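All values reported here derive from a predicted model rather than from experimental measurement. Heads up: numbering here begins at 1 and tracks the sequence.
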Amino acid sequence: MSAKNDARWMEVAMAEAHTAADLNEVPVGAVHVHGGRGIARGRNRTVTDADPTAHAELVAIRAAAKRMGNHRIGGTIYVTLEPCIMCMGAIVQARVERVVFAATDPKAGGAVSLYQLGSDERLNHLVRVEQGPLAEESTEMLQHFFRTRRC
């Protein structure tokens with residue numbers, strides 16, 4: 001994928017993050033792309049669904065698997081925040097080939113910050129992980145979200 005395509009798809013993920021924020025969810029968005037086409041989108045829904053597993057990545061993975069009719073979805077997931085270990089585990093199980101994230105998550109990151117699950121050779125699938133565009137914008141959105149809730 002080119003940097004131009006990465007930016008385009010990360011913009012889609014950011015739109016999902018903005019929608020999540022509007023719904024008082026932590027502003028994280030994701031989009032699954034396969035064969036150059038957007039297959040599924042997701043945004044955090046943990047509060048809305050009363051489901052601690054309803055992270056943006058898992059929402060997108062579930063929708064992609066359903067749409068594709070296969071639990072192995074391949075492709076690329078673009079997400080506005082580095083996936084946590086739960087999401088990276090699901091990404092490995094879904095055989096996603098590549099994860100592109102915007103902001104790092106030093107407190108819960110499972111892709112590069114705390115753990116590197118995508119490159120752990122003990123697992124049955126390796127995932128290429130890259131920090132992509134809009135890191136600053138995503139970080140600012142998350143900081144603003146949490147700052148307004150602490151006041």
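Of the candidates Leu134, Thr19, Val31, Met14 forms a side chain to side chain contact (heavy atoms under 4.5 Å, CB included) with just one, namely Leu134.
What you find for Ser113 and Glu82 is that their closest heavy atoms are OG-OE1, 2.6 Å. In this structure, Ala135 and Ala102 approach most closely via the heavy-atom pair CB-O, 3.2 Å.
The line from CD of Glu57 to CZ of Phe101 is 11.0 Å long, rounded to the nearest 0.5 Å. To the nearest 0.5 Å, the span separating NE2 on His34 from CD1 on Ile77 amounts to 11.5 Å. Note that CE of Met141 and OG1 of Thr80 are 6.5 Å apart. Values are rounded to the nearest 0.5 Å. Taken to the nearest 0.5 Å, the NE2 atom of His71 stands 8.5 Å off from the CD atom of Gln93. How far CG of Asp6 is from OG1 of Thr76: 7.5 Å, rounded to the nearest 0.5 Å.
With hydrogens and angles left out, the side-chain atoms of Glu25 and Thr48 include a donor and acceptor closer than 3.5 Å. Counting only N and O atoms by type, the side chains of Arg62 and Thr53 include a donor and acceptor under 3.5 Å apart.
Counting non-hydrogen atoms of neighbouring residues, nucleotides and ligands closer than 6.0 angstrom, the OH atom of Tyr115 reaches no more than 12 such neighbours. Under a cut-off of 6.0 angstrom, the local environment of NE2 in His144 is sparse, with at most 12 non-hydrogen atoms contributed by other residues, nucleotides or ligands.
Of the possible donor and acceptor atoms, one in the side chain of Gln116 sits under 3.5 Å from a partner among the backbone N and O of Val112. Formation of a donor-acceptor pair under 3.5 Å by the His125 side chain with backbone atoms of Val96 is found in this model. A donor-acceptor pair is defined here as one N or O able to donate and one able to accept, closer than 3.5 Å; such a pair exists between the side chain of Arg67 and the backbone of Ile39.
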